[in-house]
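Report on one structure; see the data block that follows.
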Amino acid sequence: MALVNEHFLKLQNSYLFSDIAKKVNSFKITHPKDKIIRMGIGDVTQPLPPAVIEAMHKAVDELATKETFHGYGPEQGYSFLIDAILKNDYASRGVYLEPSEVFVSDGAKSDTGNIGDMLRHDNSIGVTDPVYPVYIDSNVMSGRTGILENGKWSDVVYIPCTEENNFIPSLPDRRVDIIYLCYPNNPTGTTLSKDELKKWVNYALANNAIIMYDSAYEAYIQDTDIPHSIYEIKGAKKVAIEFRSFSKTAGFTGVRCGYTVVPKELNAFTLNGETVQLNKLWNRRQSTKFNGTSYITQRGAEAIYSPEGKKQVKETINYYMTNARIMKEGLRACGLNVYGGTNAPYLWLKTPDRLSSWKFFDKLLYEVNIVGTPGVGFGPSGEGYLRLTAFGDRNDTMEAMDRLKKWLHQ
Ligand SMILES: *Cc1c(COP(=O)(O)O)cnc(C)c1O
């Protein structure tokens, strides 16, 4: 008799996006003439940079002849891409990594979800709250989270990030072996300064903990004093795994490519206290369960590091970040409290008059026909907030702000 992994049965269905879709659909049926502006999208909307398209076309042609055909590639990624990553994303910031410390993948969701394979089920985990749901759900599947009580898992340490603490998580008061940090943050759009990040690295060093650092939105950083990589902090190579993605950086959400850095200095422990290099384990895990990202995709990713590629990527990010600025100014002019949006494509709006996330969602939908994402969908500390994204069209973004201004001044 085949028995299931019963931890899967503990998973809550995520109703967030289907609940939003239902509400939007019923609005549409009752208000067929009203134009809805969607500001809840967590996906990019601009096309791939031309340099990427060109590189991918060329790669396709290479596969068409016997001489230049590529079959299975290295599970860890082609060295042309890894070298470009090391040079452009790290050496340029004074971080020196070896090629074998970088693992190219099909994206940061898979890697942040799979990384726990290497770690025992009884490690304690900590997350900032609100949070990207993958970190929690993947730990539910491996039995690390305990039971769900009042919207919180009993064995997960939730570290609130709210207006009250300026979205700066404080160090946990309970033992935490694995900490997930995402900066710039989804959903709040906020960042951590070097000094704040240093506190976490020092905590991990002092407690032999591991930081899972998701920097999927690194390319959106505008301020010069915000760290782009956790390895800019001294000692971080001993305690941190860093996840990067080309999804939001260069429009790869449908193409699928990212990478994960597992430094050789990073160890975990056996019950007997022996140290084990996680780089070796991750290499083994990937070589066994993953057969690499396609050649075409990796050639496309390489192209974002060419001079034209860099310029094109920057233009698209500027487009989204200009949307973010228009939104932030517009929302502030309406007297709303809004966070993020300066180094990330997300704006985190405090609901007015202490409305719940869902009440405010309904109000925006019915009174100004704007769709956001209720903050409570990202965790208990998201209650009373709403996420708006800057991935929309420029004209829609401006129209949305005009509607809000008229609405609040009527
Ligand atoms: C979008 C996103 C990712 C990227 O995931 P991919 O699988 O690379 O597309 C990772 N982490 C966070 C927090 C995200 O919002």
Side-chain angles (χ1 to χ4, degrees), residues 14 16-17 39-46 48 52 77 81 85 89 102-116 125-139 159 161 167 169 179-192 211-221 228-230 240-261 286 289-290 292-294 297-298 300-301 304 313 316-317 320-321 324 340-341 343-348 372-373 375 377-379 381-382 387-392:
S14 171
L16 180 63
F17 289 95
M39 306 194 97
I41 346 164
D43 194 356
V44 295
T45 56
Q46 296 290 311
L48 287 166
V52 170
L81 178 56
I85 289 167
D89 288 346
V102 175
F103 297 86
V104 174
S105 72
D106 63 352
K109 187 187 206 175
S110 332
D111 284 358
T112 52
N114 291 330
I115 199 79
I125 74 157
V127 296
T128 56
D129 173 30
V131 69
Y132 180 58
V134 174
Y135 313 148
I136 292 187
D137 287 355
S138 58
N139 279 291
I159 305 162
C161 293
F167 303 93
I179 305 141
Y180 289 84
L181 295 179
C182 173
Y183 288 100
N185 189 258
N186 177 12
T188 66
T190 58
T191 52
L192 276 195
I211 300 173
M212 302 298 180
Y213 195 72
D214 183 346
S215 58
Y217 297 94
E218 172 274 335
Y220 290 83
I221 295 173
H228 285 248
S229 163
I230 194 167
I241 293 177
E242 181 160 286
F243 304 91
R244 292 262 182 117
S245 169
F246 298 108
S247 284
K248 317 305 170 10
T249 302
F252 274 56
T253 50
V255 177
R256 312 303 308 140
C257 195
Y259 65 87
T260 292
V261 178
Q286 290 300 79
K289 293 198 180 182
F290 183 63
T293 308
S294 85
T297 298
Q298 292 189 63
I304 73 164
V313 163
T316 305
I317 286 179
Y320 296 135
M321 289 313 286
N343 296 291
Y346 294 116
L347 288 96
W348 193 241
T373 311
F378 298 99
S381 296
R387 190 189 75 173
L388 296 178
T389 81
F391 289 130

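Numbering of ligands and ligand atoms starts at 1, following listing order.
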TODO: With heavy atoms under 4.0 Å as the rule, classify the contact between Tyr217 and ligand 1 as side chain, backbone, both or neither.
DONE: side chain

- [ ] For the pair Phe290 and Asn114, evaluate side chain to side chain contact (heavy atoms under 4.5 Å, CB included) and give the outcome as yes or no after the intermediate values.
- [x] CA-CA 11 Å; Phe290 183 63; Asn114 291 330; over 6 Å; no

Task: From Ile115 atom CD1 to Met212 atom CE, the distance as rounded to the nearest 0.5 Å - done: 5.0 Å

TODO: Spell out, as yes or no, whether a donor-acceptor pair under 3.5 Å connects the side chain of Ser215 to the backbone of Arg244.
DONE: no

- [ ] For the pair Val104 and Cys257, evaluate side chain to side chain contact (heavy atoms under 4.5 Å, CB included) and give the outcome as yes or no after the intermediate values.
- [x] CA-CA 7 Å; Val104 174; Cys257 195; 3.9 Å; yes

- [ ] Quick one: look up the protein heavy atom nearest atom 2 (C) of ligand 1 and list residue, atom name and how far away it is.
- [x] Lys248 NZ, 2.5 Å

- [ ] Output the list of atoms in ligand 1 that are nearer than 4.0 Å to some heavy atom of Lys109, sorted by atom number.
- [x] 5 (O), 6 (P), 7 (O)

Open item on the list: Is there a polar contact, in the sense of an N or O pair closer than 3.5 Å, between Asp106 and ligand 1?
Closed with: no

Task: Backbone or side-chain N or O of Ala108 under 3.5 Å from ligand 1 N or O - done: yes

TODO: Would you indicate whether the side-chain heavy atoms of Phe378 and Thr188 approach each other to under 4.5 Å?
DONE: no

- [ ] For this output row, return yes or no: ring centroids of Tyr346 and Tyr217 closer than 6.0 angstrom.
- [x] yes

- [ ] Quick one: look up the protein heavy atom nearest atom 7 (O) of ligand 1 and list residue, atom name and how far away it is.
- [x] Arg256 NH2, 2.6 Å

TODO: Below 4.0 angstrom from a heavy atom of Ala216, which ligand 1 atoms are there? Numbered from 1 as shown, please.
DONE: 3 (C), 10 (C), 11 (N)

Task: Proximal ligand 1 atoms for Ser247, defined as those under 4.0 Å from one of its heavy atoms - done: 6 (P), 8 (O), 9 (O)

Open item on the list: Taking 4.0 angstrom as the limit and counting only heavy atoms of Cys182, give me the atoms of ligand 1 inside it, by number and element.
Closed with: 13 (C)

Task: Residue Gly107 vicinity, atoms of ligand 1 by number, heavy atom under 4.0 Å - done: 7 (O), 8 (O)

- [ ] Flag Asp214 as yes when one of its N or O atoms lies below 3.5 Å from any N or O atom of ligand 1, and as no otherwise.
- [x] yes

TODO: Any chance you could lay out the side chain to side chain contact (heavy atoms under 4.5 Å, CB included) test for Tyr135 and Thr112, step after step, and finish with the verdict?
DONE: CA-CA 7 Å; Tyr135 313 148; Thr112 52; 4.1 Å; yes

- [ ] Report yes if Thr253 has an N/O atom closer than 3.5 Å to an N/O atom of ligand 1; otherwise report no.
- [x] no

Open item on the list: Would you say that Asp214 contacts Tyr132 through its side chain, given a criterion of any heavy-atom pair below 4.5 Å between the two side chains?
Closed with: yes

